[in-house]
Amino acid sequence: MKGKNGASGKGGFGINRDDRCRNVFRRKAGVSGSICLGLAAALASVPLPRVQAEESRDRGVTINVYNWGEYIANGTDDSLDVNAEFTRRTGIRVNYTTFDSNESLYSKLVGGGADYDVIIPSDYMVSRLIDENMLAELDFSNIPNYQYIDESFRGGEYDPENRYSVPYTWGVVGLFYNTDYIEEEITSWSALWDDRYAGKILMFDNPRDSFAIAQILLGQPVNTTEEEDWMEAAALLKQQKPLVQAYVMDRIFDKMESEEAWIAPYYSGDAAILVDNHENIRFVVPEEGTNYFVDAMCIPATSGHKAEAEAYINFLCDPEIAGANMNYIGYSTPETAAKAYMDEEMVESPIHYPDESILARTQVFVNLPEDTARLIDRLWAEAKMGGPGESAVLAAIILGFLAVYIAIIVAKRRKRQRERA
């Protein structure tokens, strides 16, 4: 979801990641540093299913891919350069750019100035784009590797007819906490409201994730359309406001690493890296339950290179490519077949692959009606400001400054007019 470093993204935060391929879990398992490099070399000789390669070479086609930052293996740290390998095999070039939130992706699409062929939004945004007829229906005959997507990831609530999206990654939301400062075992989201940690608590800087935590604590469904539910959740977030050091996304890692903050919610795919690099930081999925998210590959309805875009999606679904990719970005794969090409410790990690008892307590976001979305935006602004009262005060201050500014401008103009006379 999930905001992120200079290149903003779900998979990385500008932190010292060590080496996603060589060093994730190396301290625990002694993984060979050559595992990803060897896999990348082996993949170079593996043929792809036919994907209009010669035709694309003749046309010199370039597809525009829009993804979260640091959310694909790019050749650094001995990883496979996924986009370069796709071009090498097919002749289809990739223009790759990144976004930092589902909302910024949506704004780009509705603004009409973007020309994307493949996008990778999260579940609820997929649902919204489907509802607004902004996605192309996929031709799965061009995506034969879809066969490797596990049945449990097909026909999700966000795309129930399984027509517009192919799962890319998945994960859950949980809590980081620093055991040097928080000695008791954290088991509940209520820890984010504990005044003992006042000024050391971080919170998501986006409404769906933050509201979901409050909703789950209150026993509400995260996709409720009842105004009273959202009002109650907003009231809980307003109570939390005085305890929160900052509402952040990408800075969560830096603040937890520097011990500037002690506790923060975030996504499981990134959690393993922080936990592995810092013995005093733990990650837990609270007992009340959590959000289960899926990021999926889609093609905008405006794409001018749909067949090539489907070839790209097919390539990312190849188990060997998917395995090498997941080893780098650190998220969970929807393909069991890809696990054969992944680091064993990652596959066995309860952070990446929580057990069924945890998954049974999860909820998936879907798109909400427009009136509910507007309500959420208003309540979120109020919660971050501390309530409508503080918002009104801020508005009054701004208007006051504006009035003074206008008065000064008017006075200067009158003075000039008198001087000319």
Side-chain angles (χ1 to χ4, degrees), residues 10-12 17-49 70-74 77-82 85-86 120 123 143-156 165-172 174 267-273 275-276 283 285 292-297 313-360 362:
K10 237 178 192 171
R17 299 176 304 174
D18 286 336
D19 167 344
R20 279 190 189 270
C21 285
R22 292 181 300 177
N23 294 337
V24 171
F25 300 104
R26 186 173 64 180
R27 175 167 51 80
K28 298 177 182 177
V31 178
S32 168
S34 63
I35 183 172
C36 289
L37 187 61
L39 180 56
L43 285 171
S45 63
V46 177
L48 275 177
E70 295 289 340
Y71 212 30
I72 198 166
N74 60 11
D77 301 333
D78 293 337
S79 68
L80 175 72
D81 188 330
V82 170
E85 181 64 14
F86 174 72
I120 306 182
D123 35 40
I143 313 174
N145 286 331
Y146 183 74
Q147 65 181 303
Y148 297 112
I149 299 295
D150 294 351
E151 286 291 336
S152 60
F153 289 94
R154 302 185 187 190
S165 64
V166 174
Y168 180 61
T169 61
W170 67 275
V172 297
Y267 312 105
S268 58
D270 298 291
I273 298 167
V275 169
D276 188 63
F283 181 79
V285 177
Y292 167 95
F293 61 84
V294 177
D295 293 341
M297 299 173 282
I313 292 173
N314 184 64
F315 177 75
L316 291 180
C317 288
D318 180 291
E320 292 178 271
I321 300 299
N325 196 22
M326 295 305 111
N327 265 343
Y328 178 81
I329 67 175
Y331 273 74
S332 307
T333 176
E335 301 182 25
T336 297
K339 294 179 181 179
Y341 304 96
M342 293 169 59
D343 180 88
E344 184 178 353
E345 288 296 310
M346 182 177 175
V347 173
E348 294 177 354
S349 165
I351 295 178
H352 288 95
Y353 299 97
D355 63 36
E356 289 300 322
S357 65
I358 291 176
L359 295 178
T362 62

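The first residue of the sequence shown is numbered 1, and numbering continues consecutively from there.
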Open item on the list: How long is the straight-line distance from CE of Met346 back to OG1 of Thr333, given to the nearest 0.5 Å?
Closed with: 8.5 Å
Open item on the list: Just verifying a value: how many Å separate Asn145 CG and Asp318 CG, rounded to the nearest 0.5 Å?
Closed with: 5.0 Å
Task: Point-to-point distance, once rounded to the nearest 0.5 Å, from CE of Met326 to CD1 of Ile321 - done: 11.0 Å
- [ ] Using the test side-chain contact (heavy atoms from CB on, under 4.5 Å), find all partners of Ala73 that sit at least two apart in sequence or belong to another chain.
- [x] Ser79, Val82, Asn325, Tyr328
- [ ] Specify the closest pair of heavy atoms between Asp343 and Asn327, including all atoms of both residues, with the distance to one decimal.
- [x] N-OD1, 2.9 Å
Open item on the list: Restricting to ring pair (Phe, Tyr, Trp, His ring centres under 6.0 Å), what partner residues turn up for Tyr148, sequence neighbours left out?
Closed with: none
TODO: Quick one: pull up CG in Leu316 and CD1 in Ile120 and give me the separation to the nearest 0.5 Å.
DONE: 6.5 Å
Task: side-chain contact (heavy atoms from CB on, under 4.5 Å) involving Ser332 - partner list, sequence neighbours excluded - done: Trp170, His352, Tyr353
TODO: Not counting sequence neighbours, list each pair that qualifies as a salt bridge (charged side-chain N to carboxylate O under 4.0 Å, His left out) and has a residue in residues 144-155.
DONE: Glu151-Arg154
Task: Separation between CD of Glu335 and CD of Gln147, rounded to the nearest 0.5 Å - done: 9.5 Å
Task: salt bridge (charged side-chain N to carboxylate O under 4.0 Å, His left out) involving Glu356 - partner list, sequence neighbours excluded - done: none
- [ ] State, yes or no, whether a side-chain contact exists between Asp355 and Pro350 at a heavy-atom distance under 4.5 Å.
- [x] no
TODO: Would you please indicate yes or no on a ring centroid separation below 6.0 angstrom for Tyr331 and Tyr168?
DONE: no
- [ ] Any chance you could measure Phe315, atom CZ, to Met297, atom CE, to the nearest 0.5 Å?
- [x] 11.5 Å
Open item on the list: Tell me every residue that passes side-chain contact (heavy atoms from CB on, under 4.5 Å) with Val172, counting only those two or more places apart in sequence or in another chain.
Closed with: Ser268, Val285, Thr290, Tyr292, Pro354, Leu359, Thr362
Task: Considering all heavy atoms, the nearest Val294-Pro167 contact - done: CG1-CB, 4.0 Å
